[in-house]
Amino acid sequence: MTSKDIRDKYIKFFTDKNHKQIPASKLVPENDPSTLFTSSGMQPLVPYLLGQQHPEGKRLVNSQPSFRAEDIEEVGDNRHTTFFEMLGNWSLGDYWKKEQLEYFLKFLTEELGLEKERLYVSVFEGNSDIPKDEESQEIWKSLGINEDHIYFYGAEENWWSRSGPPEKMPEGEIGGPDSEVFYDFFPDDEFKEDLKVYSHNGRLLEIGNSVFMQYQKTKDGFKELPQKNVDFGGGLERLTAAANKNPDIFKTDLYENIIKEIESASDKSYEDEVNKALMQVIADHLKAAVFLIADGVLPSNKLQGYVLRRLIRRSAVKMHQLGGGLTPLPGFGGIAESVLTTYDGVLLDRHTLRDNVDKVIREELNRFGDSLDKALKEIEKIQNIDGKKAFDLYQTFGFPYEVTEELFRQKGQEIDRESFKAEFEKHRNLSRTASAGMFKGGLADHSETVTKYHTATHLLHQALRDVLGPEVFQKGSNITTDRLRFDFSFQRKATDGEIKKVEDLVNQRIKEDLKVDHMIISLEEAKGMNAIGLFNEKYADKVSIYGIGPNFTLDPDALDQRNRSGYYSAEFCGGPHVEHTNVIGKISIVKEEAISAGIRRIRAEIVLN
Ligand code: SER
């Protein structure tokens with residue numbers, strides 16, 4: 001069974017059950033400043049899980065390309081990747097546990113032909129706030145899952161939120177207990193250990209996770225959301241592996257040709273155990289790199305660009321370890337091309353992307369070659385290289401530990417692997433904290449202050465267009481509880497006078513206490529209104545629009561084409577927003593600067609009157 005068969009079957013299975021297929025979001029979210037990457041299908045759906053009405057109804061399904069940068073060090077076995085495709089279905093306050101578990105089991109057994117006896121499931125054992133999920137246990141039993149295939153675990157295993165277990169969730173974050181399903185690839189071997197042992201050693205693969213998204217964290221503990229949601233996600237790569245009874249996802253058609261290209265570029269065989277992990281990393285990283293480039297990311301030292309840089313450089317070094325030479329690196333063009341071919345017409349358009357993908361990767365490899373030269377000179381100078389120095393080389397030049405180690409062995413030096421590991425862990429914890437912080441400060445926390453800033457951002461967007469002209473268009477937005485940051489297209493520096501005008505205009509609109517309306521309308525109607533910011537909803541039939549106004553104090557002649565609706569501002573947006581503008585208070589624009597050619601950045605804060 002091919003991955004395409006499985007993707008198609010899944011979408012059909014759920015659309016037959018009255019789910020609407022929604023378009024996948026981009027890998028780099030365009031309208032969610034709280035996170036760098038789309039890492040699961042639920043991410044763009046947060047406002048709807050919180051209770052807002054979704055334009056397509058209460059039952060949704062899709063396939064979402066997802067990227068998890070935090071898993072980069074896990075890659076190098078039969079099942080871990082940074083990039084994967086997540087099949088997802090959602091009930092927004094509609095069906096609940098019984099239907100969900102029944103649907104998924106039916107899909108696995110009837111559509112993919114998996115044997116019920118080879119399935120194991122886990123459910124939430126409860127904690128001091130949330131009860132044990134006996135309901136799911138009973139449902140699984142009634143569906144014919146043997147009692148000894150059902151395992152109870154705590155929040156570390158069976159709780160899902162974007163920021164992990166309950167204690168790590170920031171205030172406002174949503175989550176709930178979940179139930180995971182595992183497939184046993186070696187049913188003839190005695191099952192004598194705990195389920196966890198086998199899922200960690202790769203005998204079992206987790207092939208789906210039904211999250212019962214029912215709670216929101218508040219400062220006084222957990223409260224029930226206004227509706228009980230189901231958020232299901234299953235990795236297409238793993239489902240394909242299970243359907244084909246081979247536990248190695250790199251043997252599926254989603255990787256087969258990519259691995260073949262790596263084999264031919266390095267003249268090594270994947271079947272040879274010493275090469276496997278290296279090839280798995282290259283296949284994953286270059287696949288992820290191609291998807292990021294397709295979404296417009298360029299290698300840099302910041303944010304998404306830095307992640308892309310690491311992916312390409314790590315692949316280069318792994319290729320070197322395979323014996324493929326360090327620079328120039330043969331075969332990267334061919335490997336990238338095989339990624340494009342694998343997804344051509346499904347998720348990517350090979351024809352339009354190939355030149356750019358090739359160019360971006362080639363240029364980055366050249367830059368890497370230069371910094372490698374510098375790193376090698378640096379190494380020459382260092383007498384004793386300890387774990388910390390090895391880590392600095394890794395950080396600064398993307399120089400992996402294994403390569404540093406190998407070079408010093410040649411020089412007759414041994415590096416203390418443990419001290420390198422300690423530095424590495426320290427750094428990893430720091431970056432985990434930093435990414436958890438993004439949720440905390442970003443729009444995802446849906447706190448009162450963030451919501452105010454979000455509405456202020458819409459007012460600012462429109463005010464900039466009023467003062468500077470319609471060429472102003474949002475290029476990025478990032479909100480924390482302390483400030484808003486707004487990037488927009490504009491060719492020159494705005495004058496102090498213009499900035500003052502924009503600030504006054506926003507404050508005037510706030511004072512007028514304009515009403516904020518949420519509309520779910522057809523794409524045609526939204527276009528008719530000239531609503532701005534056509535973000536992720538390009539292909540949806542129904543779209544979500546926030547209108548601020550109507551503003552009767554405006555001179556009707558001042559209403560231009562964009563505001564035919566009479567709203568002061570009308571934008572494509574998932575929310576949430578304040579209901580009336582005067583709760584925002586007063587904003588002050590504290591900075592205006594260029595961030596790249598033709599793109600300016602404004603920073604504004606809410607100030608006391
Ligand atoms: N959000 C859950 C996950 O990512 C289920 O879709 O696992």
Side-chain angles (χ1 to χ4, degrees), residues 6-7 10-11 13-14 19 21-22 24-25 27 29 32 34-50 54 59-71 74 79-97 99-101 103-105 107-108 121-124 133 136 153 155-166 168-169 173-183 199 204-217 225 227-239 242 249 435-436 439 444:
I6 295 174
R7 191 191 291 114
Y10 180 80
I11 301 291
F13 183 85
F14 282 96
H19 288 63
Q21 183 177 358
I22 52 170
S25 295
L27 215 45
D32 179 356
S34 62
T35 184
L36 291 182
F37 299 105
T38 300
S39 59
S40 64
M42 63 75 80
Q43 213 164 285
L45 296 175
V46 173
Y48 311 105
L49 294 162
L50 279 161
H54 192 282
R59 294 177 171 223
L60 308 174
V61 61
N62 83 358
S63 174
Q64 176 63 54
S66 305
F67 180 75
R68 295 187 175 174
E70 62 276 24
D71 289 344
E74 314 285 335
R79 61 199 181 280
H80 283 102
T81 54
T82 56
F83 174 89
F84 62 105
E85 211 178 318
M86 185 183 270
L87 301 180
N89 64 273
W90 294 272
S91 154
L92 303 171
D94 189 1
Y95 57 85
W96 188 229
K97 296 182 180 177
E99 293 87 337
Q100 169 56 26
L101 300 182
Y103 285 158
F104 186 46
L105 186 66
F107 175 72
L108 292 177
V121 304
S122 63
V123 282
F124 185 52
D133 190 3
S136 292
Y153 295 116
E156 279 306 321
E157 306 288 334
N158 281 96
W159 177 274
W160 201 89
S161 82
R162 288 175 299 173
S163 24
K168 298 224 171 100
M169 291 166 66
E173 183 60 18
I174 54 173
D178 65 32
S179 182
E180 299 183 331
V181 175
F182 299 81
Y183 186 68
S199 73
L204 299 178
L205 280 195
E206 184 218 317
I207 51 173
N209 184 16
S210 301
V211 183
F212 304 115
M213 198 56 91
Q214 188 185 353
Y215 299 102
Q216 183 171 33
K217 181 132 169 207
L225 287 169
Q227 63 192 31
K228 288 186 165 78
N229 307 291
V230 173
D231 159 35
F232 170 83
L236 177 63
E237 296 75 5
R238 291 177 175 201
L239 286 162
I249 63 164
S435 63
F439 279 124

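Atoms within each ligand, like the ligands themselves, are counted from 1 in listed order. Position 1 is the first residue of the sequence; numbering continues from there.
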- Query: Given V230, D231, L49, L87, which has its nearest heavy atom closest to atom 1 (N) of ligand 1?
  - Reply: D231
- Message: Closer than 4.0 Å to some heavy atom of N209 - which atoms of ligand 1 meet that?
- Response: 5 (C), 7 (O)
- Query: Taking heavy atoms and a distance under 4.0 Å, where does V211 meet ligand 1: side chain, backbone, both or neither?
  - Reply: side chain
- Message: Less than 6.0 angstrom separating the ring centers of W96 and F212, yes or no?
- Response: yes
- Task: Give the intermediate values and the outcome of salt bridge (Lys or Arg N to Asp or Glu O under 4.0 Å) for residues D94 and K228.
- Result: CA-CA 7 Å; D94 189 1; K228 288 186 165 78; over 6 Å; no
- Message: If the cut-off is 4.0 Å to any non-hydrogen atom of M42, which atoms of ligand 1 fall inside it?
- Response: 1 (N)
- Just by distance, with hydrogens left out, do E85 and S63 show a side-chain donor and acceptor under 3.5 Å apart? yes
- Using a 4.0 Å heavy-atom threshold (strictly under), name the region of F232 that reaches ligand 1: side chain, backbone, both or neither. backbone
- Relative to the heavy atoms of S40, which atoms of ligand 1 are at a distance of less than 4.0 Å? 4 (O)
- Message: Contact between ligand 1 and R162 is defined here as a heavy atom of the residue under 4.0 Å from a ligand atom; is it met?
- Response: no
- Query: Just by distance, with hydrogens left out, do D178 and W160 show a side-chain donor and acceptor under 3.5 Å apart?
  - Reply: no
- So F107 and F14, would you call those rings parallel, tilted or perpendicular, with 30° and 60° as cut-offs? tilted
- Query: Just by distance, with hydrogens left out, do Y95 and N89 show a side-chain donor and acceptor under 3.5 Å apart?
  - Reply: yes
- Per-atom contacts of ligand 1 with M86, taking only distances under 4.0 Å to non-hydrogen atoms: 3 (C), 4 (O), 6 (O)
- Task: Say whether G233, considering both its backbone and side-chain N or O atoms, lies within less than 3.5 Å of an N or O atom on ligand 1.
- Result: yes
- Task: Report yes or no: does a heavy atom of R68 sit under 4.0 Å from some atom of ligand 1?
- Result: yes
- Message: Would you call the rings of Y103 and F13 parallel, tilted or perpendicular, taking 30° and 60° as the class edges?
- Response: perpendicular
- To the nearest 0.5 angstrom, please state how far the CZ atom of F232 sits from the CD atom of Q100. 6.5 Å
- Part of E206 with heavy atoms under 4.0 Å of ligand 1, whether side chain, backbone, both or neither: neither
